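We use all heavy atoms of the structure for the numbers below, so side chains are in, but hydrogens, waters and symmetry mates are not. Quick note: residue numbers are just sequence positions, from 1. A quick note: this is a predicted structure, and the numbers were derived from the prediction, not measured. Indexing begins at 1, ligand by ligand and atom by atom, following the structure's order.
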Amino acid sequence: MTDFSGITAVVTGGAQGIGRAIADRLAADSADVIVGDLRDPGDLGDRQRWVELDVTSEVSTVAFAAEVDDSLGVVVNNAGIMFEASITDQTVEQWDMAMAVNLRGPWLMTKALLPQLQAGGGGSVVNVGSIEGIGSNPQHTAYAASKGGVHGLTAAMAVDLGPMGIRCNAVAPGWIDTALNREYIDRLPNRDQAVAELAVLHPVGHIGDPADVASTVAFLASTDARFVSGQVVVVDGARTTMLSLPPSLAPKT
Ligand code: NDP
């Protein structure tokens with residue numbers, strides 16, 4: 001277990017999914033967690049409270065920051081959106097929204113919370129990127145570009161904020177079992193086949209759980225990682241490490 005006693009942690013998009021798991025993990029490790037999200041999840045656990053937040057808006061991020069005191073030591077920029085659209089069908093509004101939530105959001109939040117991080121003697125920022133900041137699924141131009149941007153932002157923030165005692169890293173999750181992905185699989189005609197095919201893509205034999213991302217975030221946020229900054233840690237069960245072969249060349253098991 002990592003120990004965040006006496007430390008406040010902010011988790012954006014913490015109402016559900018990966019953000020919820022991160023908030024739960026940090027609170028279990030004794031952090032006081034402020035969940036920033038568009039809506040009140042209503043059922044947060046001990047040591048957690050919700051403050052309304054729209055990460056796309058500077059007014060909202062500044063108002064949110066006013067609720068955070070100098071015990072702040074961890075900022076997790078997790079809120080994100082994803083949609084599928086071909087380049088032809090995709091609208092400028094969709095593109096701008098992906099960039100506003102996924103890329104401007106982490107930058108705005110870090111900027112708004114810098115005074116508290118500095119006043120508290122430094123801290124750790126963890127951005128939630130994606131393996132789609134490294135490769136891309138079809139019809140994900142905006143999503144993949146925004147996540148590649150998050151990885152670049154992580155490097156730049158590590159360089160600029162390091163002298164202030166602030167480390168900055170990113171996690172790049174692969175396929176994680178959240179409501180978003182479950183809904184996608186559940187609407188397929190052969191759900192079980194899709195689940196089996198997904199498992200084959202992962203050398204570890206299964207897709208990830210939100211808690212797998214949360215434990216990696218907890219490590220990066222903790223003093224155990226005090227010399228780790230500017231890194232993108234892939235959490236994908238080796239999916240992106242395994243090179244693909246055509247079925248005729250794949251070893252028979
Ligand atoms: P979810 O859609 O389950 O959760 C995202 C949360 O962010 C929701 O609570 C959502 O609120 C909130 N949110 C959206 N827009 C804003 C905003 N403008 N301001 C504040 N909060 C906002 O997603 P996941 O948990 O699956 O994903 C979390 C992060 O992990 C994202 O950055 C995603 O890109 C990344 N990721 C996820 C992967 C996966 O397989 N699930 C893989 C790789 C990366 P609401 O529901 O009200 O819109």
What atoms in ligand 1 come closer than 4.0 Å to a heavy atom of [X]?
| X | answer |
| --- | --- |
| G17 | 25 (O) |
| T178 | 25 (O), 26 (O), 41 (N) |
| V128 | 29 (C), 30 (O), 35 (C) |
| A15 | 9 (O) |

Would one find more than 12 heavy atoms of other residues, nucleotides or ligands at under 6.0 Å from atom [atom1] of [X]?
| X | atom1 | result |
| --- | --- | --- |
| I87 | CD1 | no |
| N190 | CG | yes |
| Y184 | OH | no |
| M99 | CE | yes |

Decide yes or no for [X] and [Y]: does some side-chain heavy atom of the first lie under 4.5 Å from some side-chain heavy atom of the second?
| X | Y | value |
| --- | --- | --- |
| W95 | Q90 | yes |
| I207 | H202 | yes |
| I134 | H151 | yes |

So, [X] versus [Y]: side-chain donor-acceptor pair below 3.5 Å or not?
| X | Y | answer |
| --- | --- | --- |
| T8 | S71 | yes |
| S60 | D54 | no |
| T154 | N127 | yes |
| E132 | N137 | yes |

Report yes or no: does a heavy atom of [X] sit under 4.0 Å from some atom of ligand 1?
| X | value |
| --- | --- |
| G208 | no |
| K147 | yes |
| D54 | yes |

Compute the shortest N/O to N/O distance between [X] and ligand 1 and return yes if it is under 3.5 Å, no if not.
| X | result |
| --- | --- |
| T56 | no |
| I18 | yes |
| I176 | yes |
| Q16 | yes |
| V55 | yes |

What is the nearest protein non-hydrogen atom to [atom], stated with its residue, atom name and distance?
| atom | value |
| --- | --- |
| atom 28 (C) of ligand 1 | N78 OD1, 3.2 Å |
| atom 10 (C) of ligand 1 | D37 OD1, 3.8 Å |
| atom 47 (O) of ligand 1 | R39 NE, 2.7 Å |
| atom 36 (N) of ligand 1 | Y143 OH, 3.6 Å |
| atom 43 (C) of ligand 1 | P173 O, 3.3 Å |
| atom 48 (O) of ligand 1 | L38 CD1, 3.9 Å |
| atom 42 (C) of ligand 1 | G174 O, 3.0 Å |
| atom 7 (O) of ligand 1 | G13 CA, 3.4 Å |

Distance in Å, L153 CG paired with S146 OG, rounded so as to fall on 0.5 Å steps: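 L153 CG to S146 OG: 11.5 Å, rounded to 0.5 Å.
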Location of contacts on L53 toward ligand 1, heavy atoms closer than 4.0 Å: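 Only the backbone of L53 comes within reach of ligand 1.
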Atom 23 (O) of ligand 1 protein-contacted, heavy-atom criterion under 4.0 angstrom: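 False for atom 23 (O) of ligand 1.
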Minimal non-hydrogen separation, L108 against T56, with atom names: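 Smallest heavy-atom distance, with atoms named: CD1-O, 3.7 Å.
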Over all atoms of both residues, closest heavy-atom pair of V55 and T61: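 So the minimum-distance heavy-atom pair works out to O-CG2, 4.0 Å.
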Among G129, A179, G80, closest by any non-hydrogen atom to atom 44 (C) of ligand 1: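 Among G129, A179, G80, the closest heavy atom to atom 44 (C) of ligand 1 comes from G129.
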